[in-house]
Amino acid sequence: MRKSICMALVFCMLFALIPMAFAAEDEPVTISFQTWNPGDGDLIHQIIDAFEAENPSITIDYIYMPYSDHIADMQIKMASGEGPDVYGMQAGVTYSTFRPFEENLTPYITETYGDGWESSFLTFCTNLLNEDGSYYGLPLGLTYAGLIWADMSYFNKYGLSLPTNYDELAQVAQTFRDNGEYPLAIGAKDDWINIDMWMNIAGDINAEKLYAALDGEISFTDPELLQSFAIWQSLFTEGIVQDGALGVNMYCDTTDLFEKEASIPMITNGSWAAGLFVSTDESTKANFQGEGADHQAFLLDWNNDGVSAGLAASIDVVLCMNTNCKNKDAAWKFIDFMIHYGQDVLINEGLQYFPSRTDLVLDVVGLNENGLENLEFIIENAQNNTRGYREMGNADVKQAVADALKALATNEMTPEEAAESIDNAQ
Amino acid sequence: MRRKSELTNYLFILPILVLFAVFIVYPIVYNFIISFFEWSGFGPDITFVGLENYVTILNGKIIWKVMHNFIIFALITITLQALFGMIFASFFINNIRGSSVYRILFYLPAVVTPAIIGQVFSKFFEANRGYLNTFLRALHLDPLAQTWLADPSLALYCICFVNIWQWTGYSMLLYYASMLNIPSDLYESASLDGANKAQQFTRVTFPLLRGTHFTVFILGMLGSLKCYDIVFILTNGGPNYATETFSVYIQNLSFSMFRQGQSATVVVIMFIIAMVITAVQLQLYYRSNQHKELAR
Amino acid sequence: MKNSKLYGGLGLFICLLSSAFFIFPLVIMVVRSFHSGGIANYSRVFDKYNLFVNFTTSVIVVGCTLAITAVVVSFAAFAFSKLRFRGSRALYYLLLSGMMVPVAATIFPLYQIVRGLGLINSPFSLIFPYATGSCCFNLLILKNYYDSIPNEMLEAANIDGANKLRTCWQVVMPVAKPGLAVVLMQTFLASWNELQMARIFIADTDVQPISVVPVRFAQTISSRDFTQEVMYAALVICLLPIVIFYIFAAKSLVNGLTTGAVKG
């Protein structure tokens, strides 16, 4: 009698434990995902819906924020032990500054992908993110900086051809000005585009010296670097860029003019602008996918030596996991999903980046001929004409460069003074 | 009995003191302490560096630009706002037609959310297709069309312009309320003595507005010191720190440069400046008040 | 006679000109918002955004701020003006010095407190800081106002046997209503339009106060398929509540100033 009661009790307990075992697996979990990129369009929501369908016990709380707000918000929250579970980060300064809150993903990576997983990503990415063998984030996509985009309808209107070097750019700019159009448009209020363009110029003249100087190995007063500052300055003093460039930002003051209004002939921007060819916005669609639309991305030969500039590569968004996260396995699942399925969608449907994975097949949906032309141009240069990285690692140097470029633009500094001020920040 | 009475008196100010201690004193003390450390703001590395932050900031160029901007901005905005405020107030005192409507209209800019009006003004000042330049070019005044916010020598004045636009109505109301307090017999006896309108203003009205002058000045000073919204929306301190204010500098150091220690240093510097100015103001006010009392 | 007419005419002219000056940006905004789309621009905004939530947040934040400010400052002003206690002058100036503190300085440390109280992303994270910030300035105004209330009133109440609390609550405060109205108006405007702290403490775009929403608009119009005109429509919508409130309340604000003044 006693024995049977005991047995019954044991069985009951076992039965009670079983649902608990299942419950532990199916416990609903919410993962918060915060980033400025890939924005708040339909694609990211589509990706998140797909993830949730595959993983019913995980809900993704997506928070979109413009870049500076995003960084400020995360700073404050992480200092208090909170912050989003998964977040987007830019490679460079912020990647190292936020290190205390970036979970070391290496164990997850090796467990999920096995050894030799590095070969499934482009070497550039793995090199950039590798910190003494540990990885604190995974690359969502690559972008390339240093391009100039042209709306050929303006060139055709005035019988001009695409400039290939500085002198031709100056002539074209002057012709546009004489006819009441914008010359080259840049939103110089934003530091990042200034840095992109200057690095493009300096990289064209002598990329090795540029990166050596950024690493602190040589001084910025080197004549070739001084030349890059002088060329940058002349863009403003000679009127090659539009008046009041320092008073407008890129997104959306200047980009709207090019993308939505199609009211300017040239704009400095990067490879991410290729996404315009598959945009769902009405006016952009009309401008880029309509009949006779002709836009060209091009690179310039800044110092008239016959060799045109190259691209600078960067990992646009690094996905990181918060060390404060309470559901790390679920968060990792999401990161993994984003890197694979997410990247596929964002690239092949939205052309938001270029692949960071070696196994991603580029097959963009709905690209017209003009878009395809530009895509091929960018890919070719990405593979054969990339001069180095885009994001600087040293916050002080970056700020000093940003300040110097603005001071040069307002003619408040000479190239020599600018070089000195950056040297001092090292 | 007296003791108990005093204690209950303190109860009245207890709530405000509690709020003050938590939300004002604590942050100031916090900033004061942090200003002696180097910290990214959220990592675990906090290193004590003594006065190094102060040296770095004061040796840098930016803080001096900020102070320079502050002085110019404060002088221009306070003077013009007070001047126009007084002029408008005197019109209303004399019951110009439509006074009540104008009063409402002139104060309206102070009500408008800075974030919103900032957008409109940034489109207004844009060099190529902004409203101002388009307007000037339409009047064939092309040479007058500048790059405004993109020009380091003009940007600060544009910010002053927006600030004056926003807050003149406020000065106007303050002066108007004070002017209402001035008994009309003073004006009557003045005109009997042969004073015309202008003299009445300078001899009667202006001196009696002393309290309001003081208020307008002190509020203007503190407002200029803390100025953030409009600057952030229009220029974010640029171009090249031409419009940098204390608040913008502090925000950028904290959230773009990840330099909590230095940011706290600027807070302390700013606070000291505010205290000095206020103390000097108060001294001047009360000293001349005493003289006035003695003169009676 | 002639002088007076000239003065009147000049004054009118200047006032008309100034009106144009003070109104023009708002006119630009409204006119632009109707370009290329007309009223459809406005419906576009409502399609994409649920501004009602933002509006609710603003209302909650400002409403509670006003309630707290009214109570705290009234008592404090009464105490500093009418009651005697040691250190009242020193404490008064100390409290006034709170006006010098910039918001930027308080964000970081306050966030720790707000988080500790579990108030992140809720309207309550802003209410106490706002109330404190406005208290300092309003203390100045309200105390001056109470100063102008004759002490005889207090003495009369004392004779009637009322204690301090009752005196304050039932006798003095009703008389000071116009002053309080000014205080509340100021606080309303300041906290409704506050940008710096609101941006950071309530970072979730869906529930942000309406003062911050335009900043996000400007930064995100690209991704929302907005044109400039639709953005202007959005700005007008955000501005409408405060303007309507102001137009209705403006009369009592000015009345509050004048009544108090004439009485003094």
Side-chain angles (χ1 to χ4, degrees), chain B residues 6 8-10 12-13 15-16 19-20 22-24 26-28 30-31 41 88 91 96-98 102-117 119-121 124 131 165 169 173 176-177 180-181 197 222 225-226 228-229 246-247 250-251 254 260 267 270-271 274-275 278, chain C residues 7-8 11-12 15 18-19 22-23 25-26 28-29 72-73 75-76 78-80 83-86 91 95 97-106 108-110 113 128-129 131-132 135 139 164 189 193 195-196 211-212 214-215 218 235 238-239 242-243 246-247 250 254 257-258 261-262 264:
Chain B
E6 255 202 26
T8 48
N9 285 351
Y10 282 114
F12 278 89
I13 58 170
I16 204 175
L19 282 181
F20 187 76
V22 173
F23 293 100
I24 303 262
Y26 167 66
I28 289 290
Y30 180 92
N31 274 289
F88 293 135
F91 285 151
I96 300 254
R97 250 186 329 165
Y102 290 127
R103 270 199 299 272
I104 297 184
L105 277 182
F106 290 6
Y107 193 66
L108 189 58
V111 170
V112 173
T113 315
I116 294 179
I117 213 62
Q119 298 299 337
V120 180
F121 273 111
F124 177 77
Y131 302 119
W165 177 87
L173 275 188
Y176 179 65
L180 283 174
N181 254 336
K197 271 254 157 62
L222 293 177
L225 207 55
K226 298 197 279 184
Y228 179 78
D229 295 351
F246 281 102
S247 288
I250 292 169
Q251 282 276 55
S254 270
Q260 259 332 97
V267 170
M270 174 177 166
F271 191 67
M275 282 205 300
T278 314
Chain C
Y7 180 78
L12 205 59
C15 280
S18 311
S19 298
F22 285 116
I23 296 297
L26 303 171
I28 291 181
M29 207 169 73
V72 173
V73 174
F75 280 128
F78 176 73
F80 281 116
L83 298 177
R84 287 222 196 100
F85 49 95
R86 259 184 311 194
L91 276 174
L95 287 172
S97 72
M99 285 199 287
M100 301 180 220
V101 176
V103 173
T106 61
F108 225 82
L110 285 190
I113 298 182
F128 285 110
T132 318
C135 274
L139 182 61
K164 266 175 286 193
L189 294 176
N193 286 335
L195 178 63
Q196 256 185 305
S211 58
V212 193
V215 178
L235 293 183
C238 286
L239 200 52
I242 189 92
V243 170
Y246 169 69
I247 298 210
V254 179
L257 284 175
T258 53
V262 169

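In the text below, chain A, chain B and the rest are named by the order of the sequence lines, each starting its count at 1.
- Nearest heavy atoms, B:Val267 versus C:Ala105: CG1-CB, 3.3 Å.
- Contacts between B:Ile117 and chain C at a heavy-atom distance below 4.5 Å involve the side chain alone, from C-beta outward.
- In this structure, B:Ile13 and C:Phe80 have side chains that are in contact, with non-hydrogen atoms separated by less than 4.5 Å.
- Separating the OG1 atom in C:Thr106 from the CG atom in B:Asn31 is a distance of 8.5 Å, to the nearest 0.5 Å.
- A donor-acceptor pair is defined here as one N or O able to donate and one able to accept, closer than 3.5 Å; no such pair exists between the side chain of C:Tyr246 and the backbone of B:Val112.
- For the pair C:Pro109/B:Tyr26, a side-chain contact is recorded, criterion being any heavy-atom separation below 4.5 Å from C-beta on.
- The greatest number of non-hydrogen atom pairs below 4.5 Å with chain C, out of B:Val22, B:Val120, B:Leu225, is found for B:Val120.
- Inter-residue side-chain proximity for B:Tyr30 and C:Leu110 is flagged as unmet; no heavy-atom pair is nearer than 4.5 Å.
- Both the backbone and the side chain of B:Ile116 come within contact range of chain C, each with at least one heavy atom under 4.5 Å from a heavy atom of that chain.
- Using a 4.5 Å heavy-atom threshold, the side chains of B:Tyr131 and C:Ile28 count as touching.
- The most heavy-atom pairs under 4.5 Å with chain B, out of C:Leu239, C:Ile242, C:Val73, come from C:Leu239.
- With values rounded to the nearest 0.5 angstrom, B:Phe88 atom CZ is found 3.0 Å from C:Ser18 atom OG.
- In this structure, chain C has heavy atoms under 4.5 Å from both the backbone and the side chain of B:Phe106.
- With a 4.5 Å cut-off on non-hydrogen atoms, B:Leu108 touches chain C through its backbone and its side chain both.
- Here the CD1-SG distance, from B:Ile16 to C:Cys135, works out to 4.5 Å after rounding to the nearest 0.5 Å.
- Counting heavy-atom neighbours within 6.0 Å of C:Phe128 CZ, excluding the residue itself, gives a total of 12 or less.
- When each of C:Leu26, C:Leu139, C:Val243 is scored by its heavy-atom pairs under 4.5 Å with chain B, the top score falls to C:Leu26.
- Taking the side chain as every heavy atom from C-beta outward, C:Pro25 and B:Phe124 never approach each other to under 4.5 Å.
- When each of C:Cys238, C:Ala131, C:Ser19, C:Ser211 is scored by its heavy-atom pairs under 4.5 Å with chain B, the top score falls to C:Ser19.
- For B:Phe20, the parts lying under 4.5 angstrom from a heavy atom of chain C are both the backbone and the side chain.
- The side chain to side chain donor-acceptor pair (under 3.5 Å) test applied to C:Asn193 returns B:Thr113, not counting sequence neighbours.
- Residue C:Leu189 touches chain B through its side chain alone, counting heavy-atom pairs closer than 4.5 Å.
- Taking 4.5 Å as the limit, every side-chain heavy atom of B:Thr278 sits out of range of all side-chain heavy atoms of C:Met99.
- Only the side chain of B:Phe121 comes within less than 4.5 Å of a heavy atom of chain C; its backbone N, CA, C and O stay farther away.
- Ranking B:Met275, B:Gln119, B:Gln260 against chain C, the residue ahead of the rest is B:Gln260, based on heavy-atom pairs under 4.5 Å.
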